[in-house]
Amino acid sequence: MALELPLGRVQRWMQDVVVHPGPVDEAIAAAAGQLPPERLPEVVLPSRSLAPSERVGIYQGMYLLRMEEALESDYPALKRFLGPRGFRALVRDYVASFPSRSYTLNRLGDHLPEFVLRAGGLRHRAFGHDLARLELALTQVFDEAETPPIRPEAVAAVPEDQWPSARLRPIAAFRLLALRHPVNAYLETLRDKRRRRPRVHRKDGWVVVFRRDYSVYRLELSRAAHGLLSELAAGRPLGAAVTAAVRQHGRRAASETALYRWFRQWMASGMFRAVDLGLEGLEPSANRL
Amino acid sequence: MNRWSLPDLGIGVGLRTVHFGHILSRRPAVDWFEVLSENFMDTGGRPLWVLDQVAERYPVALHGVSMSIGGTDPLDREYLRKLKALAARTRAHWVSDHLCWTGVAGRNVHDLLPMPYTEEALRHTAARVRQVSEILERPLVLENPSSYVEFAASTMSEWEFLSRLAEEADCGLLLDVNNVYVSSFNHAFDPNVYVDNVPADRVVQYHVAGHTHKGSHILDSHSDHAVAEVWELFRRSCRRTGNVATLYEWDEDIPDFEVLHAEALKARAYRDEQPAPERMARGA
């Protein structure tokens, strides 16, 4: 005898079972509010070789695997850091708190860095948090809209006396990070065939992640260079940004030669898309992390 | 020929990241590419750039996995807007998705979940298909899913549901012969009856793929060469539909492009066997 449930209720029940992280029998019991377990055979038929619960269990068993696969593709270094079991446990807890609500899996991991920071049972949580922040920045930069970098002739055309008031607008695929652990070096070890891992320790670091010709790059910065680049990315005029950077770093501030070298490197790397001259009230870029 | 005169694009393969470099550098002689819509809707990076290059040189059709046409949440208008824009950008010949639902209550479990085949579900889904076709300004093409669950409340077979849905909502069909085979094993029905009973003049595309036999059931894994029984189903169906755009799906353990393309080209032998279109009864 078939139990006729409205379509919406059948779907709600099945979803509750599919996303449950425990064994399928527990999942079916937990969804008793939608369908009492003893009435399952009235909703799902057995096959020649599988009971109704085993048939639903095929979908349930694949759910976490799919979530893990999606998150692993965005966070390969974090998986390596936590180990397969640790990562699987993190994924299980994470998708229970932040399930996908989008048609795309591309943004499933957007909240993972903040989740790592407050996840229970993780060793070196702060390191994992920084690692996840860096990997998230990489995926964001990978998918950002393409905004062509400023052409060298446009830079050359800026009158010298206009540079102090000029504002540099970064490309969309640009993220700045201030980190408290050497996670950029850790990320490098993904390519290490001998699977060596650097020591997990506390060490400040600064990184800019940007895209050029559809390839994503990571560039380590000094604290002073990060400070200046942050000011520029926030829309501060070049002159004021340099003054602020010098004031902030005092005796450790960059020399004029270093400033020139950075500026030339950033321009050549295609980090900026435009130079705005003398525009007051320009909205600061939202790209600063 | 199908009722919309949508073209037979020949034999194609899915556009997958691992093959981007090969496709751009070698420009392989593939008839067409099927593009997973969701992989390109929210990126402005390399995938979209590659897609633009591919769409310049090859015919393209879009294939989605997140429309949730059978779902009970409202249709996602933003998703449909982006889908329509992507179809225009790539000059896609058609847009397809699956007869399934993918989540409710605002969630997406990113799986092609099965429907009970009831009058209620038919009315509900047909109304949504009509809405989508109106928004996309083209007939939606729906693929028969593979499934592992059968609902006791179903009052009709999947092929009856699909056929009635296609007629009532005036949509096209993407007939996945591997899915027919997988479900026929899992639910113990005759796959020949299935392919013999879908409306032939609504079939605008085929999928052929490999699967994984688990003993107690078959998983639609898209991870291997197609078995002989699946090719036979394809042959049988082609006799009814005539030559229709054919796509080989391979999504797990994806091989080198040449291996994939060679597997797809096996379809040639079966397609060429079908009788000339003028001898086919329309809608048979």
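No hydrogens, no waters, no symmetry mates; every other heavy atom, side chains included, goes into these values. Keep in mind the model is a prediction, meaning the values are calculated, not measured. Chain letters run A, B, ... following the sequence lines, proteins first, then strands; residues in each count from 1.
- At a 4.5 Å heavy-atom cutoff, K214(B) makes no contact with chain A through either its backbone or its side chain.
- The parts of S147(B) that come within reach of chain A are both its backbone and its side chain, each placing non-hydrogen atoms under 4.5 angstrom from that chain.
- Other residues, nucleotides and ligands place no more than 12 heavy atoms under 6.0 Å from the CZ atom of R27(B).
- For V95(A), the part lying near chain B is the backbone, with the side chain staying farther off; criterion is any non-hydrogen pair under 4.5 Å.
- Contacts of S102(A) with chain B are made by backbone atoms alone, with heavy-atom separations under 4.5 Å and no side-chain atom involved.
- The parts of D111(B) that come within reach of chain A are both its backbone and its side chain, each placing non-hydrogen atoms under 4.5 angstrom from that chain.
- Closest heavy-atom contact between V104(B) and Q15(A): N-OE1, 2.7 Å.
- Interface check for chain A: of the options G44(B), S68(B), S37(B), the most heavy-atom pairs under 4.5 Å are formed by G44(B).
- Across R101(A) and A105(B), no two heavy atoms sit closer than the pair NH1-O, 3.4 Å.
- With a 4.5 angstrom heavy-atom cutoff, L83(B) does not touch chain A via any of its atoms.
- A distance of 11.0 Å separates CD of E144(A) from CG of D42(B), quoted to the nearest 0.5 Å.
- No other option in E42(A), R211(A), R107(A) has as many heavy-atom pairs under 4.5 Å with chain B as R211(A).
- In terms of heavy-atom proximity, V56(A) sits nearest to V149(B) at N-CG2, 3.8 Å.
- For a heavy-atom cut-off of 4.5 Å, chain A lies close to H124(B) in residues 124-137 of chain B.
- Side-chain contact of S100(A) with H110(B): a donor-acceptor pair under 3.5 Å is present, judged by distance alone.
- The heavy-atom pair separating S216(B) from S49(A) by the smallest distance is O-OG, 2.9 Å.
- The number of heavy atoms from other shown groups lying within 6.0 Å of CZ (R151(A)) does not exceed 12.
- The contact between M41(B) and chain A is made entirely by side chain atoms (from C-beta outward), counting heavy-atom distances below 4.5 Å.
- Note: S47(A) OG to F185(B) CZ = 8.0 Å, rounded to the nearest 0.5 Å.
- The nearest pair of heavy atoms linking E38(B) to Y103(A) is CG-O, 3.6 Å.
- With contacts defined as side-chain heavy-atom distances shorter than 4.5 Å, the pair F142(A)/P47(B) qualifies.
- If you take CG on L36(B) and OG1 on T104(A), they are separated by 11.0 Å, rounding to the nearest 0.5 Å.
- Within the 4.5 angstrom heavy-atom criterion, atoms from both the backbone and the side chain of L7(A) approach chain B.
- Interface summary for chain B: among R55(A), E54(A), R48(A), M14(A), the most heavy-atom pairs under 4.5 angstrom belong to R55(A).
- The CG atom of L5(A) sits 9.5 Å away from the CD atom of E120(B) when rounded to the nearest 0.5 Å.
- Smallest separation of non-hydrogen atoms from P41(A) and A152(B): O-CB, 4.4 Å.
- Of all the listed residues (V44(A), T147(A), V43(A)), the one sharing the greatest number of non-hydrogen pairs under 4.5 Å with chain B is V43(A).
- Both the backbone and the side chain of R12(A) come within contact range of chain B, each with at least one heavy atom under 4.5 Å from a heavy atom of that chain.
- A distance of 10.0 Å separates CG of N106(A) from CZ of F40(B), quoted to the nearest 0.5 Å.
- Chain B is approached within less than 4.5 Å, heavy atom to heavy atom, by Y59(A), M62(A), Y63(A), R66(A), M67(A), E69(A) from residues 59-74 of chain A, ordered by number.
- By the neighbour-count criterion of 12 heavy atoms within 6.0 Å, atom CD of E4(A) is sparsely surrounded, having that number or fewer from other residues, nucleotides or ligands.
- Between L219(B) and I58(A), some side-chain heavy-atom pair lies under the 4.5 Å cut-off.
- Chosen from A121(B), P114(B), P116(B), the residue pairing most often with chain A at heavy-atom distances under 4.5 Å is P114(B).
- Heavy atoms of L108(A) lying under 4.5 Å from chain B are absent altogether.
- Heavy atoms closer than 4.5 Å to chain B are found in both the backbone and the side chain of L105(A).
- Residue E146(A) touches chain B through both its backbone and its side chain, counting heavy-atom pairs closer than 4.5 Å.
- Side chain of Q11(A) to main chain of T72(B): a donor-acceptor pair is present (N/O by atom type, distance under 3.5 Å, no hydrogens or angles).
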